[in-house]
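The structure appears below as structure tokens.
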Amino acid sequence: MMMKANAIKWSWFMNLIVFFLHCSNGIALESERVPAMFVFGDSLVDVGNNNYLSSIAKANYFPYGVDFAKFGPTGRFSNGKTFVDILGENLGVPYPPAFADPNTAGPAILGGVNYASAAAGILDETGQHYGQRYSLSQQVLNFETTLNQIRTLMSGRNFTEYLGKSIAVLVFGSNDYINNYLMPSVYSSSFYYSPPDFANLLLNHYTRQLLALYNLGLRKFLLPGIGPLGCIPNQRASAPPDRCVDYVNQILGTFNEGLRSLVDQLNKHPGAMFVYGNSYGSVGDILNNPGTYGFSVVDKGCCGIGRNQGQITCLPWVLPCTNRNAYVFWDAFHPTEAVNVILAQRAFNGSQRDCYPINVQQMTLIY
């Protein structure tokens, strides 16, 4: 009887140890489930691809990276980490290196690659006034180049499983508005398309490229929508004091609602799990309740020139604000690291209001 009681106690003790190991080693477990993260997008998640392109859209100088310990300015359009940097930390994967970096080759690519390019859009012509950039379609082609390299590093069966467990993050759409549709002096799209028609044009182009990535072997996708662009300092600079540009925010509805619906359609494909990230709602919540999140400045950038520090973005070696954690926006277009932390956490383990139909953590459990 005593031996049986001791056995029960020992079993209970071992289960407790396993539980604590599971909790303390959560990131390690995540990394086993997610071998790599592949990032596609624009300047919100660019980690330095534009450093290697003939473009004026670059962030490889101080004060960019002022809070990015050990790294400094890398080409990230932030004072510190981007949304995908923090999401990757939650997943236990290394920061995916920039595709254009010559050192991104061999075993370094097995943890994923970042193809994002500042000024890039869903449409090829978007952002062309900035110079070279990798549009969505080019980023997909760049991904194919990476796959050819990865195939030489593993067997066919392992390759298929590797892609099926990896996560693709695509952050697109903002530039198609602020650096295309809302620039009638440079682009003609607003003359030919109503706001709903333009949104549907974007969604159609987006769908084709998403299916291309699916057909290449990826199965898990995070697709954040577009945030409230009418409230970024660049747009507020032309609005009445203390106001967002309502028209800009309103025309984004068709795209965001359409992207959420598109997720349901794409998830009908065998083995697919597409997740919509509610960027508009998450950033809107921060802007409407800044004090709840520790912010006190919502209408201007921490660095920049002109009204709302939003007419010209951060210039080289110009000192930024000192209380960066109090600011929602880092520059004319991009959020601070403090906001990126919140957005990444909501994407990782948020409710269905943040991610639909499941969050990223839940997506890692699907095989």
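Starting from 1, each residue takes its place in the sequence as its number.
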Side-chain donor-acceptor contacts of residues 244-252 below 3.5 Å, not counting sequence neighbours, with atom names and distances?
| from | atom 1 | to | atom 2 | distance (Å) |
| --- | --- | --- | --- | --- |
| D246 | OD2 | R243 | NH2 | 2.6 |
| N249 | OD1 | L229 | N | 3.4 |
| N249 | OD1 | G230 | N | 2.8 |

(request) State the CG-CD distance between N180 and Q128, to the nearest 0.5 angstrom. (result) 8.0 Å

(message) What's the separation between atom OG in S189 and atom CE in M183, rounded to the nearest 0.5 Å?
(response) 10.5 Å

(request) Would you check if L110 and P35 make a side-chain contact, meaning some heavy-atom pair closer than 4.5 Å? (result) no

(request) Considering non-hydrogen atoms only, spot the tightest contact between V263 and P357 and give its length. (result) CG1-CD, 3.9 Å

(request) Could you check V339 against Y293 for side chain to side chain contact (heavy atoms under 4.5 Å, CB included), going step by step and ending with a plain yes or no? (result) CA-CA 9 Å; V339 170; Y293 299 94; over 6 Å; no

(message) Working note: H269 + F274, criterion ring pair (Phe, Tyr, Trp, His ring centres under 6.0 Å); need CA distance, chi angles, decisive distance, verdict.
(response) CA-CA 10 Å; H269 288 78; F274 288 81; 7.5 Å; no

(message) Under a 3.5 Å distance rule, please check whether N114 uses its side chain to pair with a backbone N or O of P96 as donor and acceptor.
(response) no

(message) Using 0.5 Å steps for rounding, measure from the CE atom of M363 to the NZ atom of K220.
(response) 7.0 Å

(message) How close do A120 and G41 get, counting heavy atoms only, and between which atoms?
(response) CB-O, 3.9 Å

(message) Taking side chain to side chain donor-acceptor pair (under 3.5 Å) as the criterion, tell me which of N142, T145, D46, T146 meets it with Y115.
(response) T146

(request) For R260, check salt bridge (Lys or Arg N to Asp or Glu O under 4.0 Å) against everything at least two apart and list the hits. (result) none

(request) Would you please say whether a donor-acceptor pair under 3.5 Å links the side chains of R76 and T74? (result) yes

(message) Would you say that more than 12 heavy atoms from the other residues, nucleotides or ligands in this model lie under 6.0 Å from the CZ of R353, or not?
(response) no

(message) Side chains of Y187 and N179 only: does a donor on one sit below 3.5 Å from an acceptor on the other?
(response) no

(request) Check the surroundings of atom CG in N323: do more than 12 heavy atoms from other residues, nucleotides or ligands lie under 6.0 Å from it? (result) yes

(request) Could you pull out the closest heavy-atom pair between N51 and K58, with the gap in Å? (result) O-NZ, 3.6 Å

(message) So L213 and L170, do their side chains get closer than 4.5 Å, heavy atoms only?
(response) yes

(request) State, yes or no, whether a side-chain contact exists between I366 and I358 at a heavy-atom distance under 4.5 Å. (result) yes

(request) Would you mind reporting whether Q311 and I305 have side-chain heavy atoms less than 4.5 Å apart? (result) no

(request) Provide the closest heavy-atom pair for S174 versus D42 in the form atom of the first, atom of the second, distance. (result) CB-OD2, 4.2 Å

(message) Strictly distance-based, threshold 3.5 Å: is any side-chain N or O of R33 a donor or acceptor partner for the main-chain N or O of L91?
(response) no

(message) Is the shortest side-chain heavy-atom distance between F99 and S117 below 4.5 Å?
(response) no

(message) In this structure, would V66 and F71 fall into the same cluster of hydrophobic residues linked by side-chain contacts under 4.5 Å?
(response) no

(request) Tell me whether V45 is reachable from V169 by hopping between hydrophobic residues (I, L, V, M, F, W, Y) whose side-chain heavy atoms are closer than 4.5 Å. (result) yes

(message) Under a 3.5 Å threshold, yes or no: a donor from one side chain and an acceptor from the other, between S155 and N158?
(response) yes

(request) Check whether any side-chain heavy atom of Q139 sits under 4.5 Å from a side-chain heavy atom of F172, and report yes or no. (result) yes

(message) Please determine whether residues L216 and M37 belong to a single hydrophobic cluster, defined as Ile, Leu, Val, Met, Phe, Trp and Tyr linked transitively by side-chain heavy-atom distances below 4.5 Å.
(response) yes

(message) When you compare the side chains of D264 and S261, does any donor N or O come within less than 3.5 Å of an acceptor on the partner?
(response) no

(message) Counting the benzene-type ring for Trp, do F143 and F40 have ring centres under 6.0 Å apart?
(response) yes

(request) Evaluate side chain to side chain contact (heavy atoms under 4.5 Å, CB included) for F198 paired with L123, printing each intermediate quantity in order. (result) CA-CA 11 Å; F198 185 69; L123 302 180; 3.8 Å; yes

(message) Before we go on, tell me: are the rings of F221 and Y214 under 6.0 Å apart, centre to centre?
(response) no

(message) Would you compute the distance between atom OG of S43 and atom CG of N175 and round it to the nearest 0.5 angstrom?
(response) 5.5 Å

(request) Answer with yes or no whether the hydrophobic clustering places L182 together with F191; edges join I, L, V, M, F, W, Y residues whose side-chain heavy atoms lie under 4.5 Å apart. (result) yes

(message) In the structure I gave you, are the side-chain heavy atoms of I167 and V360 within less than 4.5 Å of one another anywhere?
(response) yes

(message) Looking at every heavy atom in both E337 and D67, which two are closest together, and how far apart are they?
(response) OE1-O, 4.3 Å

(message) Under 3.5 Å, is there a donor on one side chain and an acceptor on the other for N200 and Y193?
(response) no

(message) For the backbone of A212 and the side chain of N215, can you confirm whether one donor and one acceptor N or O come within less than 3.5 Å of each other?
(response) no

(message) Just by distance, no angles: are the side chains of T313 and D331 close enough, under 3.5 Å, to form a donor-acceptor pair?
(response) yes

(message) Looking at K300, I'd like to know if its NZ atom is crowded, meaning that more than 12 non-hydrogen atoms belonging to other residues, nucleotides or ligands lie closer than 6.0 Å.
(response) no

(message) Once rounded to the nearest 0.5 Å, what's the spacing between atom CZ of F255 and atom CG of L203?
(response) 5.0 Å

(request) Could you tell me whether the side chain of N256 and the main chain of I226 form a donor-acceptor pair under 3.5 Å? (result) yes

(request) Kindly say whether I122 contributes a backbone atom to a donor-acceptor pair with the side chain of D176 at under 3.5 angstrom? (result) yes

(message) Under the rule for disulfide (SG to SG under 2.5 Å), what residues qualify as partners of C314, not counting sequence neighbours?
(response) C303

(request) Of all the heavy-atom pairs spanning T104 and P97, show the shortest one and how long it is. (result) OG1-CB, 3.5 Å

(message) For the backbone of G131 and the side chain of R133, can you confirm whether one donor and one acceptor N or O come within less than 3.5 Å of each other?
(response) yes

(request) Using a 4.5 Å cut-off on heavy atoms from C-beta on, say whether the side chain of Y64 contacts that of W330. (result) yes

(request) Working to the nearest 0.5 Å, report the span between CG of L223 and OH of Y276. (result) 10.0 Å

(message) Looking at A338, is its backbone amide N or carbonyl O close enough to the side chain of N325 to form a donor-acceptor pair, meaning the two atoms are under 3.5 Å apart?
(response) no

(message) Quick check against the 3.5 Å criterion: does S282 have a side-chain atom that pairs as donor or acceptor with the backbone of S279?
(response) no

(request) Verify, without hydrogens or angle tests, whether N288 (side chain) and G284 (backbone) share a donor-acceptor contact under 3.5 angstrom. (result) yes

(request) Would you check if the side chain of Y356 reaches a backbone N or O of N278 as a donor-acceptor pair within less than 3.5 Å? (result) no

(message) Quiz question: by atom type and distance under 3.5 Å, do the side chains of D285 and N289 form a donor-acceptor pair?
(response) yes

(request) Decide whether T336 and N79 meet the rule of one side-chain donor and one side-chain acceptor closer than 3.5 Å. (result) no

(request) Please answer: with hydrophobic residues joined when any side-chain heavy atoms are less than 4.5 Å apart, are Y206 and L211 in the same cluster? (result) yes

(request) Start with the C-alpha gap between Y327 and R324, add the side-chain angles, then the distance that decides, and say whether side chain to side chain contact (heavy atoms under 4.5 Å, CB included) holds. (result) CA-CA 5 Å; Y327 279 68; R324 293 180 283 280; 5.8 Å; no

(request) Output, in order, the C-alpha distance, side-chain angles, deciding distance and verdict of side chain to side chain contact (heavy atoms under 4.5 Å, CB included) for N340 and K81. (result) CA-CA 7 Å; N340 285 330; K81 300 172 185 175; over 6 Å; no

